[in-house]
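Written out below as structure tokens is the structure these notes cover.
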Amino acid sequence: MMDTRSQCYRCRQWFSVPPNTATIKCPSCKFETKTHSFERSKSQDGGRISFRSFLETARTKLSRCGTGSSKSYESLNCKPSTLLFSESLSGLRPCRKRALLIGVTYKNSKHKLKGTIIDVKGFRGLLMDTFTFPKEDIRVLTEEEPEPDFFPTKKNIQNSFKWLVEDCMAGDSLVFYFSGHGIKQFDLDGDESDGFDETICPVDFMEAGTITDDEIKSAIVRPLKKGVTLNAIVDACHSGTVLDLPYVYNRKEKKWENSTRLSEEEKHTDRGLAISLAACEDIQVAADTSSCIGKSSINGGAMTSVLIQIVEKKPTITYGKLLDSIYEDIEKANKEGCLPRIIKGMLNNILSQRPQLSASKEFDVNSRFLILQ
């Protein structure tokens with residue numbers, strides 16, 4: 001009797017399932033589904049699982065978004081209603097939209113942030129409402145998620161990086177969003193012109209360490225296949241080149257500049273396009289809105305808040321116009337902000353938040369539209 005093919009509902013990995021298996025276990029994410037209670041077909045199928053019975057049981061067992069969450073918080077992660085099975089893989093599928101959204105509050109530490117959960121919820125809404133991302137293909141990591149796999153630890157973020165780019169194909173649109181702390185640390189491999197790596201901080205960074213720009217690039221930029229587009233939005237301090245992309249857009253000169261040395265592999269490899277929009281330059285810190293932007297008094301990342309407002313008003317906007325609009329709105333907020341003028345004058349280079357656009361390839365920022373689909 002031949003094995004069947006199963007696709008894990010959680011990580012979408014395909015794998016073989018021997019006949020009469022009592023428990024189906026994904027070899028990738030280790031998620032288990034018991035089958036011993038499923039009704040067996042008594043026809044000429046030789047005892048093979050009845051798919052009708054299996055799917056009915058799966059629908060009962062596997063909850064939709066929010067089911068099984070804690071009473072105080074409804075999960076932002078949505079699960080498919082059934083497990084998908086197929087006898088073979090065709091290798092063909094429609095273009096896919098997939099997003100990884102991470103918000104870290106560090107709520108049990110002295111590094112606590114406000115507003116990152118608000119940022120994630122707002123950006124998730126933007127993806128679903130404006131760019132029609134399926135909620136089942138948006139993975140959210142926050143400290144409020146009831147399942148431990150969706151807690152923003154270093155290990156879970158690394159595993160989610162793999163999920164984001166797994167089996168990507170030409171035409172796919174991928175999104176990586178991070179709201180949390182970012183720090184600089186000494187560059188140990190000599191590929192940074194300023195001598196520092198840019199990093200993002202998982203919730204357990206004090207114990208497990210940060211995630212460097214080199215690691216992020218290796219995890220979600222290098223695996224991109226030709227025809228795949230990755231848009232990264234990072235609302236964190238020192239995030240300008242946090243994806244370690246080779247080209248940075250100079251807004252004043254209106255031209256692309258080299259930010260890193262291209263390796264021989266990168267020079268001769270035609271990969272997908274990675275575009276990063278960071279909250280600030282590498283030497284700068286990122287602000288929250290407090291009550292300085294618009295009329296809202298709800299804290300959130302300044303760049304995230306402004307970006308959402310701009311794109312909701314004008315979904316068909318070029319990268320150049322988006323960068324200019326974010327820059328102008330944040331500059332206005334800086335001038336009207338809460339710090340005394342003398343302090344802002346002394347620390348202008350650090351506190352004047354200037355969003356930064358970088359990419360794996362040069363493109364015309366005034367003709368390419370932000371289309372996450």
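Note that this is a predicted model, so its numbers are computed, not measured. The figures that follow rest on heavy atoms only: side chains count, while hydrogens, waters and symmetry mates do not.
A parallel orientation is assigned to the rings of Tyr177 and Phe123, their planes being inclined by less than 30° (bins at 30° and 60°).
Judged by distance alone, the side chain of Thr318 and the main-chain N or O of Lys321 form a donor-acceptor pair under 3.5 Å. Remark: the backbone N or O of Phe363 is paired with a side-chain donor or acceptor of Trp256 at under 3.5 angstrom.
For an aromatic pair to be called close, the ring centres must be under 6.0 Å apart, and Phe369 with Tyr319 fails this.
The closest side-chain heavy-atom distance from Glu143 to Val104 is below 4.5 Å. Between Phe133 and Arg124 there is no side-chain heavy-atom pair separated by less than 4.5 Å. For the pair Leu357/Ile275, a side-chain contact is recorded, criterion being any heavy-atom separation below 4.5 Å from C-beta on. Looking only at side-chain heavy atoms (C-beta outward), Lys361 and Leu245 stay at 4.5 Å or farther from each other. Contact of the Ile200 side chain with the Phe205 side chain is not registered, since no non-hydrogen atoms from C-beta on lie closer than 4.5 Å.
Between Ile330 and Pro355, the closest heavy-atom pair is CD1-CG, 4.0 Å. Taking each heavy atom of Ile220 and Leu230 in turn, the nearest pair found is O-CD2, 3.4 Å. Between Phe178 and Cys201, the closest heavy-atom pair is CZ-O, 3.8 Å.
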**OP:** For the pair Asp137 and Arg96, evaluate salt bridge (charged side-chain N to carboxylate O under 4.0 Å, His left out) and give the outcome as yes or no after the intermediate values.
**Re:** CA-CA 9 Å; Asp137 288 322; Arg96 181 171 63 195; over 6 Å; no

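The cationic atom of Arg354 (NZ for Lys, CZ for Arg) does not lie both less than 6.0 Å from the six-membered ring centre of Tyr327 and within 45° of the ring axis.
In this structure, the separation between CG on Leu100 and CZ on Arg98 is 10.0 Å, given to the nearest 0.5 Å.
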